[in-house]
Amino acid sequence: MAAFDEVRQLKKEHPRSLTMCGHVGFESLPDQLVDRSIQQGFCFNILCVGETGIGKSTLINTLFNTNFEELESSHFCPCVRLRAQTYELQESNVRLKLTVVNTVGFGDQINKEESYQPIVDYIDDQFEAYLQEELKIKRALFNYHDSRIHVCLYFIAPTGHSLRTLDLLTMKSLDSKVNIIPLIAKADTISKSELQKFKMKLMSELVINGVQIYQFPTDDDTTAKINGAMNGHLPFAVVGSMDEIQVGNKMVKARQYPWGIVQVENENHCDFVKLREMLICTNMEDLREQTHARHYELYRRCKLEEMGFADVGPENKPLSFRPNSSTLKESTRKRE
Ligand code: GDP
């Protein structure tokens, strides 16, 4: 009997490889996936964390090349709030449901101790909503509006000094819940040499304090090289602007000063293009995947354990949800 089980196990692990005598058609599976995804559309949720006036709304407008009509926030909010707005965007035939969540009043209170708690709660609430949907008997995950945060753009003030305690505490309390991409905001206000030193200082402070930021993945051959190189440029130093200014014979997005022009899309001026490339063109799908497979998975595991669920019972035996025969008989009788 044991030998028979062993053979069965082996068969399970090693499917036999066969050659087919002709065309079958499943080579079209990737195309079917693409068609279905285009029909369904995509959803992406961005959280912007940073003090009022640091340039969050301007950068989001610049990234998506549109005016999102954000209301201007005041510096006098009694506490931190999160404001979520959802938009439908379309580029050729691809539809994107984009939610931008902005922190309102972050860092504005005299006592900043509790500034990050509303952000943590917001992220958890979105995980909880998804978990509740997943646990329903009649689930509607297919057309469920997934509000889980896929990326947190963390705006650091261009002080040239170091991270503030509030930044460290906030990033530390978010790093196991969301993919963090740190940004140096308003990078046009810091000199080139100061910026290099500032970047190095920030990265070493993040490492020393054990803050895990999102690393662009290097396990896929097609993107490994570019992603690997971009990891070395973090935190990205960004400049935002929706103003179009003439440079040569072209109109470009830029900020004009009495002494010259800062071009948003000029890689010698700032890292805006690197951010757009990494966030939107190369790694949007990875950010969505990491959110589901890593951050949500962790939330779900802890929550289910808290609720008393377990994979193994006493004596380490796998638990089964399959009802035993007497419970089955009982439920059939009730249905009859
Ligand atoms: P938010 O409150 O964080 O959303 O900040 P806003 O995007 O409303 O920007 C606040 C102010 O900073 C506005 O006057 C913007 O024009 C300005 N600003 C935005 N981005 C930049 C930037 O990259 N550099 C500089 N120097 N100013 C910026």
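What you see below is based on every heavy atom in this structure, not just the backbone, and it leaves out hydrogens, waters and symmetry mates. Every number for a ligand or one of its atoms is a count from 1 in the order of the listing.
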Exercise for the section: Determine, considering heavy atoms only, which of C48, S57, A187 sits nearest to atom 8 (O) of ligand 1. Expected result: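 Comparing heavy atoms across C48, S57, A187, the nearest one to atom 8 (O) of ligand 1 lies in S57.
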
Handout entry: Minimum non-hydrogen distance to atom 23 (O) of ligand 1, winning option of A237, G240, C270
Key =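 Nearest heavy atom to atom 23 (O) of ligand 1 lies in G240.
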
I need the atoms of ligand 1 closer than 4.0 Å to a non-hydrogen atom of [X], numbered in the order shown.
X    : result
K56  : 1 (P), 2 (O), 3 (O), 4 (O), 5 (O), 7 (O)
V239 : 23 (O)
E51  : 3 (O)
G53  : 1 (P), 2 (O), 3 (O), 5 (O), 10 (C), 12 (O)

Exercise for the section: Record the part of Y257 in heavy-atom contact with ligand 1 below 4.0 Å; permitted values are side chain, backbone, both and neither. Expected result: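 Looking at Y257 and ligand 1, just side chain atoms fall under 4.0 Å.
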
Practice task
Record the part of T58 in heavy-atom contact with ligand 1 below 4.0 Å; permitted values are side chain, backbone, both and neither.
Solution key: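 Both of them.
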
Practice task
Going by the side-chain hydrogen bond (donor to acceptor under 3.5 Å, both in side chains) test, name the single residue among N65, D243, N266, T62 that passes it with K253.
Solution key: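 That would be N65.
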
Handout entry: Test item: side-chain donor near acceptor, H295 and R148, under 3.5 Å
Key =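 There is no such pair (donor and acceptor under 3.5 Å, judged by atom type) between the side chains of H295 and R148.
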
Exercise for the section: Let me see the working for E267 and K274 under salt bridge (charged side-chain N to carboxylate O under 4.0 Å, His left out), right down to the final yes or no. Expected result: CA-CA 8 Å; E267 293 208 47; K274 294 189 178 77; 3.2 Å; yes

Exercise for the section: Rounded to the nearest 0.5 Å, what's the gap from CZ on R276 to CZ on F272? Could you check? Expected result: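 Reported to 0.5 Å precision, the distance equals 5.0 Å.
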
Handout entry: Donor-acceptor contact present, side-chain Y144 to main-chain Y130, <3.5 Å
Key =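 A pair under 3.5 Å: yes.
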
Exercise for the section: Using a 4.5 Å cut-off on heavy atoms from C-beta on, say whether the side chain of I180 contacts that of L174. Expected result: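 In contact.
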
